[in-house]
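Only one structure is covered here, and it is reproduced in the block below.
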Amino acid sequence: MLRTVVRSVLRDRHRFVLPALAVLIGVACVSGSLLYTESLARGAERLQRASRPDVSVEVRPTGGGAAPGEALRRRLAALPGVAAARGTLRGPAFLVARDGTLVGPPSADAGVDFVPDAHGADPRYPMTRGRGPQGPGEIAVDRWSAERAGHRVGDRMRIVVAGEVRSVRLTGVFTVYDPATAAGGTVIAFDGATARALFAPAPGRYASVTLTAAPGTSAPALAKRAARILPRGLDAVTRAELDREAAAAPDRQKLGTLLLLFAGIALFVSAFLVSNTFTMLSAVRAREHALLRAVGASRRRVLGMVLAEAAVVGTVAAVAGYALGVGVATLLAALFGPAAGPADTAAPALLSPLPLLTALCVGVGFTAAAAYVPALRASAVAPVAALRTHLPTPAAALRRRNLAGLAVTAAGALLMAAGEGDLGVLSLATPVLLAGLILLTPQLARAATRALRAPVRRLTGVRGTLALANARRDPRRTAATAGALTVCVALVSAVTVALSSLSATAGRQAEAGMPTDLRITAVDYAQVGAHTAARVARLPHVAAVSAVREAGIRLRDGSDLWTTVVDPRAVGRGRLAGLTVRAGDLDDLADRTDAIAVTRDLAEEHGWHLGDRIAGRRLSDEGSADGPALDRRIVAVYDGPDALGPALLPESAVAGGGTPEGAVLSVLVRAEPGHTAALKEEIRRALRNPVLLVEDRADAARDAEQGFGPLLSVLYAMLSVTVAVAALGVANTMGMAVFERAREIGLLRAVGLDRAGVRSMLRVEAVVVSALGAGLGVLAGAAAGVAAVAGQHGAVISVPWAALLALLAGAGAVGVLAALGPGVRAAAVPVTRAVGGEVG
């Protein structure tokens with residue numbers, strides 16, 4: 001049987017090319033994703049070792065425990081087997097290039113402490129030029145960042161740390177293998193005293209303490225010794241555990257899962273192509289299968305032969321797909337790698353066991369599974385019935401399919417309507433709806449071709465009529481071909497509608513949430529300086545300005561209240577924002593030492609009234625109630641935007657040593673009438689801080705809307721693979737139709753249809769099938785996108801009609817392109833040979 005299978009595959013190899021290519025693409029995506037994820041894990045583990053070569057054990061807080069202090073570091077340094085004990089500090093610090101822009105992405109810029117040994121060297125940051133920093137006005141940077149910034153040792157340069165721009169001198173350049181540089185960011189080293197002032201979690205504390213084992217001491221043994229003297233809330237972790245944690249970072253796991261998800265979608269779409277191919281081949285080989293049955297072959301043998309053919313095709317596709325997957329992994333590493341510095345990805349392993357076995361299992365098993373139903377149908381045909389050249393689809397089978405399609409579609413629609421934005425329900429409802437529409441596609445194809453008959457006849461004449469008749473002739477084949485496009489277009493439509501709606505919602509909320517003319521915020525991972533508001537207040541045309549902080553209060557009933565801390569002089573009498581006072585006077589925030597103002601919604605929720613007292617204890621940033629006691633009197637009840645709610649505290653309520661505590665979240669500025677635009681530019685010039693954003697309401701809305709652009713681009717790039725596979729399905733159906741309809745095409749040529757007419761007929765058929773699949777996909781996807789957003793509070797439904805129409809037009813283009821090759825082959829077949837039916 002194996003010889004027969006191989007001979008059959010070789011004979012029909014031109015018919016297996018496109019389904020094999022579709023499986024190849026899916027396998028390449030799967031193996032490439034696994035190889036890339038493995039390389040990330042190996043690279044992260046290697047980077048973890050290289051970034052801190054002196055670490056044998058790390059002592060760090062767990063479960064909200066207090067950070068280790070200097071006293072504990074000294075006790076750890078005195079343990080037997082400890083060669084060195086180092087306190088580690090790390091925080092956000094940004095390097096400014098000569099042109100005033102930031103060097104590297106803010107998410108990957110870091111400041112660290114330089115800890116020299118007796119020779120003035122730090123093993124983590126070995127100097128290649130210059131020396132380490134020795135005072136508050138000195139820094140050292142990694143060599144990749146120095147090159148990008150255009151600075152040399154001895155230059156004065158600007159950095160941004162703690163929200164403020166500082167001018168410092170570059171004293172040294174070092175080589176480092178660090179997660180920051182691996183992500184394209186920067187590493188800035190400060191002297192110990194400066195690093196403690198900037199990055200210490202608390203006075204005299206370190207983020208962690210790392211221990212270097214002396215020769216002859218193992219890391220596990222050292223960790224046990226350290227654990228004996230550690231207070232509760234601290235843990236000793238060995239180097240091996242740190243390496244495993246780095247390799248299993250959640251972000252890398254999420255990326256691998258996302259890549260595998262899209263690879264699975266590509267394989268799912270390929271199933272339509274594989275199944276359709278074997279269905280059409282079974283019809284073409286009906287006489288061959290009948291002869292096998294007639295000479296004694298059992299149904300099981302016929303089934304096994306067809307599945308063996310699928311396994312052979314899948315094996316070839318899997319091997320080629322794995323080879324392509326190595327290239328995919330390399331491409332992913334190049335696309336998502338850093339602009340400079342050492343990458344955190346290792347080279348993909350050419351013969352990694354797990355990806356290789358997965359590729360073979362997926363390629364062979366998936367192809368065989370997709371071909372199972374066509375193989376079962378081929379084996380179920382009786383020998384006498386199989387001798388016919390064409391087997392019509394039983395009407396009863398189509399009726400059962402239509403009834404099932406109606407039931408499944410209704411179930412999907414009901415689930416989607418009941419989901420109300422619940423992604424769990426929607427993730428179930430969308431596949432159910434798509435499955436129902438695919439089941440209904442044969443009936444919908446008949447209805448669509450019936451409705452298109454008159455306009456197509458007027459536009460294309462008899463060629464269009466023949467094309468529609470071909471689409472109606474085998475509704476199951478039409479459904480299988482259109483189904484792949486339905487799934488792909490539905491995914492693209494759902495993503496487009498959902499992200500367009502989320503973008504519009506974010507823009508409206510950002511604009512509505514701007515309580516003032518201008519707002520100063522920091523880019524992600526940066527912060528606003530404590531003195532920013534004071535500097536802005538000195539500028540001309542400023543009507544009011546206030547820094548905005550946050551302070552939490554643990555109330556006596558156990559609930560937590562997070563309040564907005566503002567300058568009380570700015571919010572009174574509507575100077576900063578148009579707050580509507582319902583009771584009391586906001587000016588009392590500045591006049592009384594125990595004042596608080598609450599929104600009307602908060603007052604109603606707790607049953608508070610003007611004059612009531614709110615007592616509790618200050619919360620730390622981690623949410624623990626270990627701060628000073630607070631006892632405040634409600635002096636005003638107001639309505640206002642979320643940015644100034646749900647309660648207002650004066651800065652004096654959180655002042656420590658006369659200076660307000662807590663990070664500045666933003667600075668709100670109100671300009672004098674008619675000077676908003678000019679003041680915005682004046683603030684930018686005065687601050688000269690590249691990590692600060694000065695926005696008006698239009699800027700805030702635009703930035704919020706554009707925030708979804710990168711995500712949409714990535715999703716489109718991934719989904720384009722599935723669309724390409726669906727296009728292969730249309731091309732495959734049209735290509736096999738040429739061989740299956742050889743006699744028909746010959747007869748049409750004989751009665752006067754020229755070659756251009758044959759090509760036109762196939763184009764119209766391909767466009768109709770593609771448009772049918774795309775139309776159903778747009779409807780299902782748009783419904784899923786709307787349902788995903790509709791349940792969210794304050795959601796704005798935005799349906800990008802232009803983009804959806806472009807999808808339909810793109811589906812038509814897919815049909816035209818898919819019919820080019822088959823059309824040329826059909827037109828090139830000699831009439832006499834075609835009439836004889838010997839084409840292939």
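We're numbering straight along the sequence, starting at 1.
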Restricting to non-hydrogen atoms, name the atom on [X] and the atom on [Y] that form the minimum distance, rounded to 0.1 Å.
X	Y	value
Leu440	Leu406	CD2-N, 3.7 Å
Ala448	Leu772	CB-CD1, 4.4 Å
Leu444	Leu437	CD1-O, 4.4 Å
Ala359	Val27	CB-CG1, 3.7 Å
Val425	Leu415	CG1-O, 3.5 Å
Gly405	Leu439	CA-CB, 3.6 Å

Requested in this report: Evaluate side chain to side chain contact (heavy atoms under 4.5 Å, CB included) for Ser31 paired with Thr358, printing each intermediate quantity in order.
Outcome: CA-CA 7 Å; Ser31 56; Thr358 302; over 6 Å; no
As an exercise, state the distance from [atom1] of [X] to [atom2] of [Y], rounded to the nearest 0.5 Å.
X	Y	atom1	atom2	value
Leu324	Leu331	CG	CG	10.0 Å
Leu808	Leu804	CG	CG	7.5 Å
Leu466	Met761	CG	CE	6.0 Å
Arg759	Leu820	CZ	CG	10.0 Å
Leu354	Glu38	CG	CD	6.0 Å

Beyond-backbone contact of [X] with [Y], side-chain heavy atoms, under 4.5 angstrom:
X	Y	answer
Val319	Leu360	yes
Val313	Val23	no
Leu303	Tyr372	yes
Ser352	Leu35	yes
Val487	Ile438	yes

Please answer whether the main-chain N or O of [Y] pairs with a side-chain N or O of [X] as donor and acceptor at a distance below 3.5 Å.
X	Y	answer
Thr449	Arg446	yes
Ser270	Ala22	yes
Ser500	Val497	no

Query raised in the report: Does the side chain to side chain contact (heavy atoms under 4.5 Å, CB included) test come out yes or no for Leu502 and Leu499, once each step is laid out?
Result: CA-CA 5 Å; Leu502 290 175; Leu499 289 185; 4.2 Å; yes
Query raised in the report: Considering the options Val495, Val489, Thr496, which one meets the side-chain contact (heavy atoms from CB on, under 4.5 Å) requirement together with Val492?
Result: Thr496
